[in-house]
Amino acid sequence: MSRNKKVWIPAMIAAAIAALLVVYYYWTSAHGGGEVRPRPLAGEGHRPPEDGNERYGGYFTTLGTIALYFGAAGFSWFWFKKKLRSPSRLVRQAGKLLHSMHELMGWITLILISAHGIYFLITKLHDDKIFTGLAGFAILLTLAGYGYFIKKVRNKWMRAVHRSLGMVWVPVLLLHAGGSAIMAVIACLAVWGLIWVFERSSGQARPPITGER
C-alpha cells in the first residue's frame, strides 16, 4: 500500500470494529441474549404509567432521531456538490447553503448521537441494540475525524475516505434505528427527486450556468 493510501487504515479499522459488533449483535439475538420486554396481556385497556427512566428514554430516543436528520442533511451535500453549477438557481443556492453548514451539521450529529448513546449505555447496557449503536458510533466518530483533518492533511484520498464512511454508516443506521433511519433515507431520496424536477424545468428554460461558483 502506498503512503497516500495508508490514510484508509483508520477507516478500515473502524469498519472492521463495526462489522464485529454487528456480527455479535446477530449472535446474541440468535442465542436469546439482550433485553426482553414483556408484552401487554390481551384485553388490557391501558398502559401502566411510565417511570422516570422510560420518560427520559423517550427524550433521548428523540435526540437520536433528530441526529439522523442532521446526518441525512449533511450527507446530502455529496449530491449537491456537483450541482453548484446547476441550471436551477434554487438548487445552486441550496448547494451553497449545505456547503456552508456541512461541517456544523456533522458536529451537531456527533453531539446528539453521543448524548443518545451515553444515556442508553447507562440505562440499557444489556439491550442488544447497544451493539449496533456502538457500531454506528465507531463509524460516525471516524467519519468526523476525517472531516476534521480534511483541510489539515494534504492527501487526495481524504475526501474519498470521508465519503465512503458516510456510505458505510447508512446500512448500520438502518439496522440500528429501523423505521426512523428509513424515513431519513426516504427524505434524502425525495430531495434528490426535487433536484431533478427543478433542474429539468430550469434546463428547458435556459442553458446551464458555467461561470458561477
Side-chain angles (χ1 to χ4, degrees), residues 7-31 33-37 53 56-79 98 101-150 158-189 191-192:
V7 74
W8 285 89
I9 292 177
M12 294 169 65
I13 293 173
I17 291 172
L20 289 173
L21 287 167
V22 169
V23 169
Y24 189 69
Y25 160 75
Y26 278 113
W27 185 85
T28 55
S29 298
H31 289 77
E35 181 180 287
V36 179
R37 296 183 180 181
N53 286 339
Y56 290 122
Y59 297 151
F60 282 93
T61 298
T62 300
L63 284 183
T65 302
I66 294 172
L68 288 178
Y69 285 94
F70 271 102
F75 184 80
S76 296
W77 161 241
F78 294 125
W79 290 349
L98 279 177
M101 298 185 65
H102 175 73
E103 186 174 347
L104 175 61
M105 287 188 292
W107 289 118
I108 291 175
T109 301
L110 180 61
I111 291 170
L112 292 179
I113 290 292
S114 298
H116 167 86
I118 289 171
Y119 176 83
F120 286 108
L121 275 174
I122 294 172
T123 62
K124 293 189 176 183
L125 183 60
H126 301 292
D127 193 326
D128 282 351
K129 285 289 186 180
I130 290 294
F131 301 116
T132 55
L134 288 173
F137 185 72
I139 294 174
L140 176 61
L141 188 61
T142 311
L143 180 67
Y146 277 97
Y148 177 76
F149 285 107
I150 276 178
M158 288 291 288
R159 294 186 185 278
V161 180
H162 186 65
R163 182 169 58 251
S164 298
L165 282 172
M167 296 294 293
V168 172
W169 195 45
V170 174
V172 178
L173 285 181
L174 291 172
L175 179 61
H176 177 70
S180 298
I182 291 172
M183 291 303 297
V185 171
I186 290 174
C188 282
L189 295 175
V191 169
W192 185 251

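Computation of the quantities below employed the complete heavy-atom set of this structure, encompassing side-chain atoms and omitting hydrogens, waters and symmetry-equivalent molecules.
- Across Pro171 and Val168, no two heavy atoms sit closer than the pair CD-O, 3.1 Å.
- The shortest distance between side-chain heavy atoms of Leu63 and Tyr59 does not fall below 4.5 Å.
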**Request:** Give the intermediate values and the outcome of side chain to side chain contact (heavy atoms under 4.5 Å, CB included) for residues Lys129 and Phe120.
**Result:** CA-CA 9 Å; Lys129 285 289 186 180; Phe120 286 108; over 6 Å; no
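- Annotation for Trp169 and Gly136: closest pair NE1-O, 3.1 Å, computed over non-hydrogen atoms.
- For Tyr24, the ring pair (Phe, Tyr, Trp, His ring centres under 6.0 Å) partners are Trp27, Phe131, not counting sequence neighbours.
- Looking at every heavy atom in both residues, Lys124 comes nearest to Ile130 through O-CG1, 3.2 Å.
- Across all non-hydrogen atoms, the minimal contact from Val7 to Met158 is CG2-SD, 3.1 Å.
- Under the side chain to side chain donor-acceptor pair (under 3.5 Å) criterion, no residue pair touches residues 107-116, with sequence neighbours excluded.
- What you find for Ser164 and Trp8 is that their closest heavy atoms are OG-CH2, 3.6 Å.
- Atoms CG and CG, from Leu134 and Leu20 in turn, are 12.5 Å apart once rounded to the nearest 0.5 Å.
- One finds the CG atom of Leu98 at 12.5 Å from the CZ atom of Phe75 (value rounded to the nearest 0.5 Å).
- Exactly one residue among Tyr25, Tyr26, Phe137 makes a side chain to side chain contact (heavy atoms under 4.5 Å, CB included) with Thr132. That residue is Tyr25.
- In this structure, the side chains of Met105 and Trp77 stay at 4.5 Å or more apart for every pair of heavy atoms.
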Between side-chain atoms of residues 11-18 and protein atoms elsewhere (two or more places apart, or another chain), which donor-acceptor pairs fall under 3.5 Å?
none

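- The closest side-chain heavy-atom distance from Arg159 to Tyr146 is not below 4.5 Å.
- Checking side-chain atoms of His162 against main-chain N and O of Leu143 turns up a donor-acceptor pair under 3.5 Å.
- The two atoms that bring Leu68 and Ala177 nearest to each other are CD1-CB, 3.8 Å, heavy atoms only.
- Atom-to-atom distance recorded for Ile139:CD1 and Leu173:CG is 8.0 Å, nearest 0.5 angstrom.
- The number of heavy-atom neighbours closer than 6.0 Å to CZ of Phe70, taken from other residues, nucleotides and ligands shown, is 12 or below.
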